[in-house]
Amino acid sequence: MKATLLIALLALASPFAHAGGDAAAGAQKTKVCTACHGADFNTPISADIPRLAGQHEDYLARALTDYKSGARKNAVMDGQAAALSAQDIEDAAAYISGLSGKLKIMPLQRLVR
Ligand code: HEC
């Protein structure tokens, strides 16, 4: 009886033990994003679109959350993030952060227009 109760409690607790993003789900949910960020998230289609592969998971989640809330504004990404739930954001961040890429700091001349 005690063992059954323990197993039931462990089963209930397990989703919390794995709190955070599900990379496999993130791979499915981010297919639309590859149109701009590249199939591998490392080959964006133009120079004003950032590489994301290998970026820190918490940075990605924060950026997407900020676009969604309006704390960060961008004409393109606001709409993309608006369609994502909090779980979608966690899953996307888990997937993209696990990819290998060549992240670099943006050259200053791209900031000065
Ligand atoms: C139509 C093109 C396009 C699509 C589709 C798109 N993005 Fe973006 N993304 C951009 C651009 C442009 C930026 C740079 C915006 C800025 O300067 O804030 C960006 C920025 C980002 C950033 C911030 C990167 C950083 O270094 O701060 C993240 C994270 C991101 N996109 C994730 C996604 C995800 C996840 C999806 C799919 C749900 C997606 N994007 C779909 C064009 C796109």
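Counting starts at 1 for both ligands and their atoms, following the listed order. Note that these values count all heavy atoms, side chains included, but never hydrogens, waters or copies made by symmetry. Worth saying up front: this structure is predicted, and the values here are computed from it rather than measured.
- A search for salt bridge (Lys or Arg N to Asp or Glu O under 4.0 Å) contacts involving Lys29 returns Asp88, Asp91, not counting sequence neighbours.
- In this structure, Arg72 is part of the shell of residues with a heavy atom less than 4.0 angstrom from ligand 1.
- For Arg72, the salt bridge (Lys or Arg N to Asp or Glu O under 4.0 Å) test picks out no residue, with sequence neighbours left out.
- Residue Pro50 comes nearest to Asp48 through the heavy atom pair CD-O, 3.8 Å, listed as atom of the first residue, atom of the second, then distance.
- The protein atom (non-hydrogen) at minimum distance from atom 29 (C) of ligand 1 is Leu60 CD2, 3.8 Å.
- Taking all atoms of both residues into account, the shortest heavy-atom contact from Gly21 to Gln87 is CA-NE2, 4.5 Å.
- Hydrophobic clustering (ILVMFWY, side-chain heavy atoms < 4.5 Å, transitive): Ile96 and Tyr67 are in distinct clusters.
- Looking at atom 17 (O) of ligand 1, its nearest protein heavy atom turns out to be Asn74 ND2, 3.7 Å.
- In this structure, Leu60 is a member of the same hydrophobic cluster as Tyr95, with clusters built from ILVMFWY side-chain heavy atoms closer than 4.5 Å.
- Given atom 25 (C) of ligand 1, the protein heavy atom at minimum distance is Tyr59 OH, 3.3 Å.
- For atom 18 (O) of ligand 1, the closest non-hydrogen atom on the protein side is Tyr67 OH, 2.7 Å.
- Judged as a salt bridge (Lys or Arg N to Asp or Glu O under 4.0 Å), and not counting sequence neighbours, Asp40 has no contacts.
- Residue Asp48 touches ligand 1 through its backbone alone, judged by heavy-atom distances below 4.0 Å.
- Summarising the geometry of Lys68 relative to Leu84, their closest heavy-atom pair is NZ-O, 2.8 Å, with the distance given to 0.1 Å.
- Closest approach of His56 and Ser97 over heavy atoms only: C-CB, 4.2 Å.
- Closer than 2.8 Å to atom 8 (Fe) of ligand 1 sit the protein N, O or S atoms His37 NE2, Met77 SD.
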